[in-house]
Amino acid sequence: MTVPPPPFGSAGEHQLQQHLGTADRAARFYDQQVRRHLTPEMRDFIGRQSMVFLATADSHGECDSSFRAGPPGFVHVIDSHTLAYPEFRGNGVMASAGNMLENPHLGMLFVDFTHHHVGLHINGVAHLYGDYDLRSIHPGLPTDVAPGRSPEMWVHLTIEEAYIHCSKYIPHLEPAPRPAGRDAARPKDSDYFTSPRTTHWPSHS
């Protein structure tokens, strides 16, 4: 008799679970926490978030992590199985979107650092659309996601897994206004990690 594969998790996950004796605990997590769609609570959570962390890999499995931010709700929930977010003009490298062309699997992590201190993982299959093309399919997309900026494209995600990230080790962060004046002075982005600078260490007297 052939045993059907577990409904969630990779072969590597299940191999390590068997090796480390965590299979029963992991099975409870899959059963109680992992969903193939967004629950109403998840949809509401995404609508309140102003940032998300992205994980992509190219066709060789070489990984890239990135970050997107915008007004709350810039990641738009289309329905319980689908969401989309806009890609705006940036440095022109297209690292994340380029990976999606080779390997459409996308991981997203939303984290609430200020209120509930909980995270939400969403994994799925991404497809890139031009603004007009996606609006012709989903006319309910927001029209003014970031005032004064127009999307170069949209990332459309078909959800395969959605599950909680434990709040135990999520730090608490206090929202603060962006520094202004002399406190805001910093090198240009292109120079920040590449320009030599002198570090002044405290003296020991």
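All residue numbers refer to positions in the sequence shown, counting from 1. Just so it is clear, the model here is predicted, and its values are computed rather than measured. Quick note: numbers below take in every heavy atom, side chains included, and nothing from hydrogens, waters or symmetry partners.
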_Stepwise side-chain contact (heavy atoms from CB on, under 4.5 Å) check, S80 with R43_ = CA-CA 7 Å; S80 60; R43 295 175 66 163; 4.0 Å; yes

*Starting from the C-alpha separation in whole Å, work towards a yes-or-no answer on side-chain contact (heavy atoms from CB on, under 4.5 Å) for W154 and L128.*
CA-CA 6 Å; W154 286 80; L128 304 179; over 6 Å; no

*For the pair L109 and L120, evaluate side-chain contact (heavy atoms from CB on, under 4.5 Å) and give the outcome as yes or no after the intermediate values.*
CA-CA 6 Å; L109 174 61; L120 176 63; over 6 Å; no

*Working for side-chain contact (heavy atoms from CB on, under 4.5 Å), residues I46 and I122*: CA-CA 10 Å; I46 294 170; I122 297 179; 3.5 Å; yes

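Hydrophobic cluster membership differs between V118 and L173, with clusters built from Ile, Leu, Val, Met, Phe, Trp and Tyr side chains linked at under 4.5 angstrom. Following chains of ILVMFWY side-chain contacts shorter than 4.5 Å, one can reach M94 starting from M100, so the two form part of one hydrophobic cluster. In terms of hydrophobic clustering, with Ile, Leu, Val, Met, Phe, Trp and Tyr side chains grouped at heavy-atom distances under 4.5 Å, V155 and L38 are assigned to a common cluster. Under the 4.5 Å side-chain heavy-atom criterion for ILVMFWY residues, a single connected hydrophobic cluster contains both V77 and Y129. Linking ILVMFWY residues whenever their side-chain heavy atoms come closer than 4.5 Å, directly or via other members, places I164 and M108 in the same cluster.
Of all heavy-atom pairs between S59 and N103, the closest is N-CB, 4.3 Å. The two atoms that bring L106 and A55 nearest to each other are CD1-O, 3.6 Å, heavy atoms only. Taking each heavy atom of E102 and D58 in turn, the nearest pair found is OE1-CB, 3.5 Å. Of all heavy-atom pairs between L134 and A84, the closest is CD2-CB, 4.1 Å. Contact detail for T39 and R35: the closest heavy-atom pair is CG2-CG, 4.3 Å. P71 and V145 get closest at one heavy-atom pair: CG-O, 3.0 Å.
Formation of a donor-acceptor pair under 3.5 Å by the H165 side chain with backbone atoms of Y163 is not found in this model. The closest donor-acceptor contact from the side chain of R36 to the backbone of I159 lies at 3.5 Å or more, if one exists at all. Looking only at distances, a side-chain donor or acceptor of R135 sits under 3.5 Å from a matching main-chain atom of P142.
A distance of 10.0 Å separates CD of E160 from CZ of F8, quoted to the nearest 0.5 Å. Here E152 contributes atom CD and F88 contributes atom CZ; the two are 10.0 Å apart, rounded to the nearest 0.5 Å. Here R48 contributes atom CZ and T114 contributes atom OG1; the two are 9.5 Å apart, rounded to the nearest 0.5 Å. S167 contributes atom OG, which lies 12.5 Å from atom CZ of F113 (distance to the nearest 0.5 angstrom). With rounding to the nearest 0.5 Å, the separation of CZ in R149 from CG in D144 is 12.0 Å. Annotation: the span from S136 atom OG to D131 atom CG amounts to 10.0 Å, rounded to 0.5 Å.
Side-chain contact check for Y30 and E13: at least one donor-acceptor pair (N or O, by modelled atom type) lies under 3.5 Å.
Residues L83 and L157 form a side-chain contact, since some pair of their non-hydrogen atoms from C-beta on lies under 4.5 Å apart. Taking 4.5 Å as the limit, some side-chain heavy atom of S96 sits within range of a side-chain heavy atom of D64. Inter-residue side-chain proximity for V125 and H105 is flagged as met; some heavy-atom pair is nearer than 4.5 Å. No side-chain heavy atom of Y85 sits under 4.5 Å from any side-chain heavy atom of V52.
The aromatic ring centres of H156 and H127 sit 6.0 Å or more apart.
Among residue pairs with one or both ends in residues 66-79, those qualifying as side chain to side chain donor-acceptor pair (under 3.5 Å) are S66-R68, R68-E87, D79-T82; sequence neighbours excluded. Residue pairs meeting the side chain to side chain donor-acceptor pair (under 3.5 Å) criterion with at least one partner in residues 18-29, sequence neighbours excluded, are absent.
The environment of F67 atom CZ is dense: over 12 non-hydrogen atoms of other residues, nucleotides or ligands sit within 6.0 angstrom.
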